[in-house]
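Working notes for the structure below.
All heavy atoms count here, side chains included; hydrogens, waters and symmetry mates do not. Chain letters run A, B, ... following the sequence lines, proteins first, then strands; residues in each count from 1.
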Protein chains: 2
Amino acid sequence: MSRASERAYNNIRSMILSGELQPGSQIREEALAELCGVSRTPVRDSLRRLEAEMFIRRNDSQRSFVADWSLDDLEDAFQLRAMLEAHAAKRAASRITREQLGQLRFHNAQLKQAIDMPNPDVPKFLDHNRQFHAIILAAAASERLTNMLAQVTEQPVVLRTARHYDLENLRRSHHDHDELLIAFDKRDGAWAAAVMTGHIRRAFHAYAEAHSTDTEIRKSKLAA
Amino acid sequence: MSRASERAYNNIRSMILSGELQPGSQIREEALAELCGVSRTPVRDSLRRLEAEMFIRRNDSQRSFVADWSLDDLEDAFQLRAMLEAHAAKRAASRITREQLGQLRFHNAQLKQAIDMPNPDVPKFLDHNRQFHAIILAAAASERLTNMLAQVTEQPVVLRTARHYDLENLRRSHHDHDELLIAFDKRDGAWAAAVMTGHIRRAFHAYAEAHSTDTEIRKSKLAA
DNA sequence: TGGCAGCTTATTGTATACAAATGGCATTCG
DNA sequence: CGAATGCCATTTGTATACAATAAGCTGCCA
């Protein structure tokens, strides 16, 4: 993707993810074009992409709105994600290389280190967590699967902080990763898939809690 | 989608599916624009969409090519499709209405009729088959799932005729549908999912055979 | 007062012109 | 003779102007 187009896409996407563009609010191409410092053309490209990724919806007369996810939508996305990531884990179990296993161990050690200290370094945890999952996906070796997972991995919820600072959850995540490592080591795809399913389901419940809180807050703001 | 854009998308897509645009061949925006009788703008929209759907790939310098699927790619797509359709069947089992069940029965009866005659009406079979699956997807009630399935359902293989005229396969499909109906009737999601998995796996093997033949033919044409 | 018609304005869709980047070819130099 | 470099042709990216369409408003009529 070229410069202007990429900038527009990343800008708009992060504005949605961060909540700067409020769920449900209308989107005007020209306004975004000005915000991003590009013309409407690359903005339109980005909107189309984001629409495919379901971050944006359009009504029947082609106007765009920031997607407003219900709890059901969120669960739906997570259900698909759990299924796809479990599938990735299963595929990875029979394909992963010694080197990739080593990388997984490295990142899991790092993310443990990030939270096993008086002042937990959550961004560091998240970064190594992301890389951990990326390596599994790479080992699964399915471009289609990668594309599909990208569509359900990022959630447009503002209050992700709530989840991130729940240390108990982070520790459990680390533990799941450890178990995944053993399953991979034993080339046990079924086990890896099962662990991964639980791993993602837990994430869902953490998100769901944050989402409810967020929705409550937004509702009371509207009422005020 | 508006007129010009929609026309361009459908035209290009069907040119790819029909093989009119050969796998691996380069695509030039302006040439397609002329073919479709529109400007480059809607053509570019369409190309982006088709790229997301993996019908088109781009090299690192942004040039577009018609996707050329290996047998592995095909299997990969079918594996995902089997998983997603099984998931749809499972969800449908607990949500499907009496009315939808009736529609399923109707379409399955129709598609049986289409092949239970001296001169089988394959297009009719395919149409009712499509509707049968569409109803299940609707009963599954997940927009995301619907979108994802759309991405792996159509296969850019020319020789689909080979499969379509294998009556034995078509009869087995009908039988699978029958079994699905019973599973739905009993609200047995696990059973429905299992039947659907087998249903799609069989389709894969039929496709794979046609694909191999097709690839052989293309290779020998290149050699000549 | 309520609703509908027609106009006005806002917004998106399409075409086109121009800019940027890439690939291929030819020429030149080692 | 082969490889590297610079130029030209081709192709894609971006901006902008204009067309089409939909929404909202105003005023009229029942």
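- Applying the side chain to side chain contact (heavy atoms under 4.5 Å, CB included) criterion to B:Arg49, with sequence neighbours excluded, gives B:Met1, B:Tyr9, B:Glu53.
- A:Thr153 places none of its side-chain heavy atoms less than 4.5 Å from the side chain of A:His133.
- Near DNA chain D, defined here as any heavy-atom distance below 4.0 Å, the residues from residues 24-33 of chain B are B:Ile27, B:Arg28, B:Glu29, listed numerically.
- Under the ring-ring contact (aromatic ring centres under 6.0 Å, His included) criterion, the residue pairs touching residues 73-105 of chain B are B:Phe78-B:Phe204, B:Phe78-B:Tyr207, with sequence neighbours excluded.
- When the ring pair (Phe, Tyr, Trp, His ring centres under 6.0 Å) test is applied to A:Phe132, the partners found at least two apart in sequence or on another chain are A:His177.
- With a 6.0 Å radius and a threshold of 12 heavy atoms from other residues, nucleotides or ligands, B:Arg57 has its CZ atom at or below the threshold.
- Counted within 6.0 Å of CZ on B:Arg105, heavy atoms from surrounding residues, nucleotides or ligands total more than 12; the atom is thus considered enclosed.
- Taking 4.0 Å as the cutoff to heavy atoms of chain B, we find the contact window on DNA chain C bounded by C:dG13 to C:dG23.
- Take B:Asp176 and apply the side chain to side chain contact (heavy atoms under 4.5 Å, CB included) test, not counting sequence neighbours, and it matches B:Val195, B:His199, B:Arg202.
- A:Ile136 and A:Ala89 make their closest contact through CG2-CA, 4.1 Å (heavy atoms, listed as atom of the first residue, atom of the second, distance).
- B:Asp60 is linked by a side-chain hydrogen bond (donor to acceptor under 3.5 Å, both in side chains) to nothing, counting only residues two or more places apart in sequence or in another chain.
- Judged by closest nucleotide on DNA chain C, A:Gln62 is the one of A:Gln62 and B:Gln62 placed further toward the 5' end.
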Which atom pairs link the protein and nucleotides 21-24 of chain D when you take only N or O atoms and keep those under 3.5 Å?
unit_1: D:dA22; atom_1: O3'; unit_2: A:Ser61; atom_2: OG; d: 3.4
unit_1: D:dA23; atom_1: OP1; unit_2: A:Ser61; atom_2: OG; d: 2.6

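- Partners of B:Ala138 according to the side chain to side chain contact (heavy atoms under 4.5 Å, CB included) rule, which considers only residues two or more places apart in sequence or in another chain, are B:Gln100.
- Between B:Asn108 and B:Leu180 there is no side-chain heavy-atom pair separated by less than 4.5 Å.
- Looking at heavy-atom distances under 4.0 Å, A:Arg7 makes no contact with the nucleic acid at all.
- DNA chain C is contacted by A:Arg44, A:Arg48 of residues 42-51 of chain A, taking any non-hydrogen atom closer than 4.0 Å.
- Annotation: salt bridge (charged side-chain N to carboxylate O under 4.0 Å, His left out) contacts of A:Glu30 (sequence neighbours excluded): none.
- In terms of the side-chain hydrogen bond (donor to acceptor under 3.5 Å, both in side chains) criterion, A:Arg63 has no residue partners (sequence neighbours excluded).
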